[in-house]
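In what follows, every heavy atom counts, from backbone to side chain, and hydrogens, waters and symmetry copies are set aside. Keep in mind that this is a model prediction, so the values were computed, not measured.
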Amino acid sequence: MKILVVDDSELIRFRLVRQMEAIPGVERVLTASGCMVAKHLVASMQAALTVLVLDLHLPDGDPVRLIPLFKGEHQDLKVAVLTNDATDYNRQRCLHAGADWFFDKSTEFEQLLTLLRQLSDPSV
């Protein structure tokens with residue numbers, strides 16, 4: 001499983017990478033601090049990206065617009081939005097754009113990791 005974490009917080013990226021790399025079946029975890037770096041990484045990937053973990057507030061653009069773009073480039077891509085701005089409006093906006101899951105950073109961080117464990121090994 002190949003994962004791309006897009007979040008402007010270095011601390012969040014570091015924490016996610018450390019925890020995701022410990023999940024059996026996770027081959028690679030890439031990170032980006034903004035939309036432009038994420039676009040470049042996705043465009044240059046030869047192998048299919050499995051999961052995109054996306055923050056809603058990035059310094060260089062609207063990350064919700066990335067969801068359909070990236071899903072168009074990687075057919076089976078699953079998108080999990082992980083944000084501190086977990087309003088109903090944002091949830092609907094992300095799901096409408098094609099996000100598969102929507103998590104609140106402050107209360108559902110562990111649920112994201114559980115989901116990734118299940119995706120990497122369905123018997124979990």
What's the separation between atom CG in Asp104 and atom CG in Asn84, rounded to the nearest 0.5 Å? 6.5 Å
Mind checking side-chain contact (heavy atoms from CB on, under 4.5 Å) for Gln75 and listing every partner two or more places apart, or none if nothing turns up? none
Nearest 0.5 angstrom please: Thr114 OG1 to Phe109 CZ, how far? 11.5 Å
Which pairs would a plain distance check flag for residues 4-19, meaning a side-chain donor or acceptor within less than 3.5 Å of a matching protein atom at least two apart in sequence or in another chain?
residue, atom, partner, partner atom, Å
Asp7, OD1, Ser9, N, 2.8
Asp7, OD2, Lys105, NZ, 2.7
Ser9, OG, Leu11, N, 3.4
Ser9, OG, Ile12, N, 3.2
Arg13, NH1, Asp7, O, 2.7
Arg13, NH1, Asp8, O, 3.4

In terms of hydrophobic clustering (I, L, V, M, F, W, Y; side-chain heavy atoms under 4.5 Å; direct or indirect links), are Leu95 and Leu66 co-clustered? no
Okay, side chain of His74, backbone of Leu49: is any donor-acceptor separation there less than 3.5 Å? yes
Rounded to the nearest 0.5 Å, what's the gap from CG on Leu58 to OG on Ser33? Could you check? 8.5 Å
Mind checking side chain to side chain donor-acceptor pair (under 3.5 Å) for Thr107 and listing every partner two or more places apart, or none if nothing turns up? none
Gap separating the CG atom of Leu54 from the CZ atom of Phe102, nearest 0.5 angstrom: 10.0 Å
For residues Asp55 and Leu82, determine if any side-chain heavy atom of one lies less than 4.5 Å from a side-chain heavy atom of the other. no
Are the side chains of Val51 and Leu116 in touch, meaning some heavy atoms are under 4.5 Å apart? yes
Can you pull out every salt bridge (Lys or Arg N to Asp or Glu O under 4.0 Å) where at least one residue sits in residues 21-45? Sequence neighbours excluded, please. Lys2-Glu27
Residues pairing under side chain to side chain donor-acceptor pair (under 3.5 Å) where one sits in residues 88-99, two or more places apart or in two chains, turn out to be Asp62-Arg93, Asp85-Asn90, Thr87-Asn90
